[in-house]
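Down below is the structure, laid out as structure tokens.
Treat the numbers as computed from the prediction; the structure is a model and nothing was measured.
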Amino acid sequence: MGGFFISHIGAGDHKFTLLNHAILRPLEVCTEDRIDKRFIRTNERIRVREVRVIDDEGNQLGIMAPFEALKIAREKNLDLVEVSPTAQPPVCRIMDYGKYLYQQEKRERDAKKNQHQITVKEVKFRINVDDHDYETKKNHVLRFLGEGDKVKATIFFRGREMTRQGLGREILERLINDIGDKGIVEFRPRQEGNTLHLILAPPKAQPGAKQPKPPKPQAPPPPQ
């Protein structure tokens with residue numbers, strides 16, 4: 001539990017009251033998975049009066065001086081690692097710190113490999129676009145969505161084209177209908193100055209959904 005304690009600093013007839021709040025975190029969350037290696041203290045760098053120690057098998061060894069905990073760690077050829085410096089007293093774990101850092105970096109590398117960076121690709125249309133040019137740009141939109149990227153479809157109005165904004169909206173609505181279920185409309189066509197744009201996102205994959213298998217070809221009937 002956290003607690004409050006009040007101390008008074010006197011200077012002549014004047015006194016100042018300091019209110020401090022001590023927070024003790026549950027031991028269940030004090031695991032090496034929460035360690036930030038930029039600020040971690042290990043072995044001789046742990047310079048507090050006492051620490052709560054957890055061994056390499058997860059057993060709590062109790063509260064002791066850091067040099068006593070370090071002695072236990074050295075006997076096992078392991079390190080003493082401060083995993084929760086804000087607890088009262090700080091919590092330390094006995095572990096192979098080098099092995100831990102290697103495993104953590106490996107998990108980070110694997111996570112980056114499996115992470116897809118979503119980007120927004122822009123495809124520009126003109127209000128007087130012909131059918132061939134429209135189909136080409138529509139195929140670009142479909143390709144970008146198929147690659148997992150978002151698409152910003154933009155129509156830029158020049159000069160007197162501002163009086164034909166309805167035609168621009170028709171082009172974007174046509175694009176929405178042609179894309180169908182191959183994309184999700186994230187933002188419907190909206191006007192910003194002399195630009196009309198639409199945001200499409202790739203469809204969300206259904207978890208556990210499987211592609212239907214093509215039917216097996218029927219065997220030819222036996223010869224008569």
Side-chain angles (χ1 to χ4, degrees), residues 23 25-26 28-29 31-40 86 100-223:
I23 302 176
R25 297 183 178 178
E28 289 77 12
V29 300
T31 66
E32 60 268 23
D33 292 335
R34 300 288 184 94
I35 300 175
D36 190 333
K37 61 184 178 182
R38 296 175 299 174
F39 310 107
I40 194 170
T86 58
Y100 161 76
L101 289 180
Y102 170 78
Q103 292 175 341
Q104 186 183 51
E105 292 173 358
K106 185 176 184 297
R107 286 195 297 266
E108 292 174 355
R109 289 195 302 267
D110 292 341
K112 289 180 179 179
K113 289 180 181 179
N114 298 328
Q115 184 179 11
H116 175 70
Q117 186 71 27
I118 297 179
T119 58
V120 179
K121 303 291 183 65
E122 185 174 20
V123 179
K124 298 180 180 180
F125 293 81
R126 296 294 305 276
I127 61 173
N128 56 353
V129 60
D130 57 41
D131 289 339
H132 180 268
D133 193 24
Y134 170 83
E135 290 296 327
T136 300
K137 293 180 181 297
K138 183 190 74 174
N139 290 334
H140 289 330
V141 173
L142 290 171
R143 177 166 57 86
F144 294 147
L145 292 173
E147 293 172 352
D149 295 319
K150 294 184 180 182
V151 177
K152 179 180 181 181
T154 304
I155 295 181
F156 181 75
F157 299 98
R158 299 180 179 177
R160 296 182 180 180
E161 291 179 349
M162 285 292 291
T163 62
R164 307 174 63 187
Q165 295 181 22
L167 183 57
R169 290 186 177 274
E170 289 179 5
I171 294 173
L172 295 187
E173 291 294 340
R174 175 186 174 186
L175 179 65
I176 292 173
N177 293 331
D178 290 346
I179 295 300
D181 59 359
K182 295 182 177 62
I184 298 174
V185 179
E186 195 166 87
F187 293 105
R188 294 200 66 81
R190 61 174 62 178
Q191 186 81 28
E192 292 183 0
N194 57 352
T195 302
L196 182 69
H197 65 265
L198 155 77
I199 302 293
L200 295 169
K204 296 180 180 179
Q206 297 296 329
K210 296 182 179 180
Q211 296 293 335
K213 296 181 179 180
K216 295 181 179 180
Q218 296 182 354

Atom pair [atom1] ([X]) and [atom2] ([Y]), whose distance is rounded to the nearest 0.5 Å:
X      : Y      : atom1 : atom2 : result
Arg169 : Gln191 : CZ    : CD    : 6.0 Å
Phe125 : Leu196 : CZ    : CG    : 11.5 Å
Arg143 : Lys121 : CZ    : NZ    : 7.0 Å
Asp178 : Leu142 : CG    : CG    : 8.5 Å
Tyr102 : Arg107 : OH    : CZ    : 11.5 Å
Ile171 : Asn128 : CD1   : CG    : 8.0 Å

Practice task
May I ask you to decide if Gly146's main-chain N or O and Lys182's side chain share a donor-acceptor pair within less than 3.5 Å?
Solution key: no
What heavy-atom pair brings [X] and [Y] nearest, and what distance separates the two atoms?
X      : Y      : value
Gly193 : Met162 : O-CE, 3.8 Å
Ala201 : Leu145 : C-CD2, 3.6 Å
Arg188 : Leu198 : CA-CD1, 4.1 Å
Phe144 : Val123 : CE1-CG2, 3.9 Å
Pro202 : Ile184 : O-CD1, 3.8 Å

Handout entry: Heavy-atom side-chain contact between Lys124 and Phe156 under 4.5 Å
Key = no
Exercise for the section: State, yes or no, whether a side-chain contact exists between Arg126 and Glu161 at a heavy-atom distance under 4.5 Å. Expected result: yes
Practice task
Tell me, yes or no, whether the heavy-atom count around Arg164 atom CZ, taken from other residues, nucleotides or ligands under 6.0 Å, exceeds 12.
Solution key: no
Practice task
Report the C-alpha separation of Val185 and Leu200 in whole Å, then their side-chain angles, then the decisive distance to 0.1 Å, and conclude whether the side-chain contact (heavy atoms from CB on, under 4.5 Å) test is met.
Solution key: CA-CA 5 Å; Val185 179; Leu200 295 169; 3.9 Å; yes
Problem - Residues Glu135, Lys138: salt bridge by 4.0 Å N-O rule - result: yes
